[in-house]
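Quick note: residue numbers are just sequence positions, from 1.
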Amino acid sequence: MTSMIGTIGAIMRFPVKSLLGENLDECAITLEGLDGDRTHALVDATTGKIASAKQPNLWRHLLEFAASTASSTPLSIVVSDADGNQIPHGDPDFGEKLAKLLGREVKLIDVRPRGSNSIAQGPMKS
């Protein structure tokens, strides 16, 4: 006998730490969580530290930006601002354009754990 314990109202993925994320209709779930969630971060070129919305004196504008993924493998990150301007990570001027908008020099890094076993548990749909 199976019993329902709840329903999923929305699936949200945040590809870049401390940026707004994206709504998904479906996604894979691994032992580490949603596939593609928080796989990247912005690093401050001056301090070498990961940019965090928890440091508003340095990063007050982070939550004005959203990260989404293009449907490709590996996932391709696209950062957009509130005006809808988009900067794909593949853009050769990505860092320069994002730095101009944020007011600080940054680099997008891949923060996925190395050597982790991602065993898909199946698709999730909202």
Subject >> Intermediate values then yes/no, side-chain contact (heavy atoms from CB on, under 4.5 Å), Glu32 and Thr39 >> reply: CA-CA 11 Å; Glu32 289 81 30; Thr39 57; over 6 Å; no
Subject >> Leu34 side chain reached by Ile29 side chain, heavy atoms, under 4.5 Å >> reply: yes
Original post:
Does some side-chain heavy atom of Leu42 sit less than 4.5 Å from a side-chain heavy atom of Trp59?
Top reply: no
**OP:** Grab the two heavy atoms, one from Leu19 and one from Ala67, that are nearest each other, plus how far apart they are.
**Re:** CD1-CB, 4.0 Å
Subject >> Ser80 versus Gln86, closest heavy-atom pair with distance >> reply: CB-CG, 3.9 Å
Original post:
How far does OG of Ser68 sit from CG of Asn23, to the nearest 0.5 angstrom?
Top reply: 11.0 Å
**OP:** Heavy atoms only: give me the nearest Ser18-Ala53 pair and the separation to one decimal.
**Re:** OG-N, 3.1 Å
**OP:** Answer yes if Val106 and Ile77 sit in the same cluster of Ile, Leu, Val, Met, Phe, Trp and Tyr residues linked by side chain heavy atoms under 4.5 Å apart, and no otherwise.
**Re:** yes
**OP:** State yes or no: do Ile87 and Leu62 share one hydrophobic cluster built from I, L, V, M, F, W and Y residues joined by side-chain heavy-atom distances below 4.5 Å, directly or via other members?
**Re:** yes
Subject >> Glu96 CD to Glu105 CD distance, which is reported to the nearest 0.5 Å >> reply: 9.5 Å
**OP:** Measure the shortest side-chain to side-chain distance between Lys100 and Asp93 over non-hydrogen atoms and say whether it is less than 4.5 angstrom.
**Re:** no
Original post:
Does Lys97 have any salt bridge (charged side-chain N to carboxylate O under 4.0 Å, His left out) partners at least two apart in sequence or in another chain, and if so, which?
Top reply: Asp91
Subject >> Check: Asp35 and Cys27 side chains under 4.5 Å, non-hydrogen atoms >> reply: no
Original post:
Donor-acceptor pair, Asp81 side chain versus Phe65 backbone, under 3.5 Å?
Top reply: no
Subject >> Non-neighbouring partners of Glu64 that pass side-chain hydrogen bond (donor to acceptor under 3.5 Å, both in side chains), sequence neighbours left out >> reply: His61
Subject >> side-chain contact (heavy atoms from CB on, under 4.5 Å) partner of Val79, chosen from Leu20, Leu108, Leu102, Leu98 >> reply: Leu98
Original post:
Quick one: CG on Asp44 to OG on Ser52, what's the gap to the nearest 0.5 Å?
Top reply: 12.0 Å
Original post:
Which distance, rounded to the nearest 0.5 Å, do you find between the CG of Asp83 and the CG of Leu101?
Top reply: 9.5 Å
**OP:** Have a look at Pro15 and tell me which of His89, Glu22, His40 forms a side-chain contact (heavy atoms from CB on, under 4.5 Å) with it.
**Re:** Glu22
Subject >> Ile50 CD1 to Lys17 NZ distance, which is reported to the nearest 0.5 Å >> reply: 7.0 Å
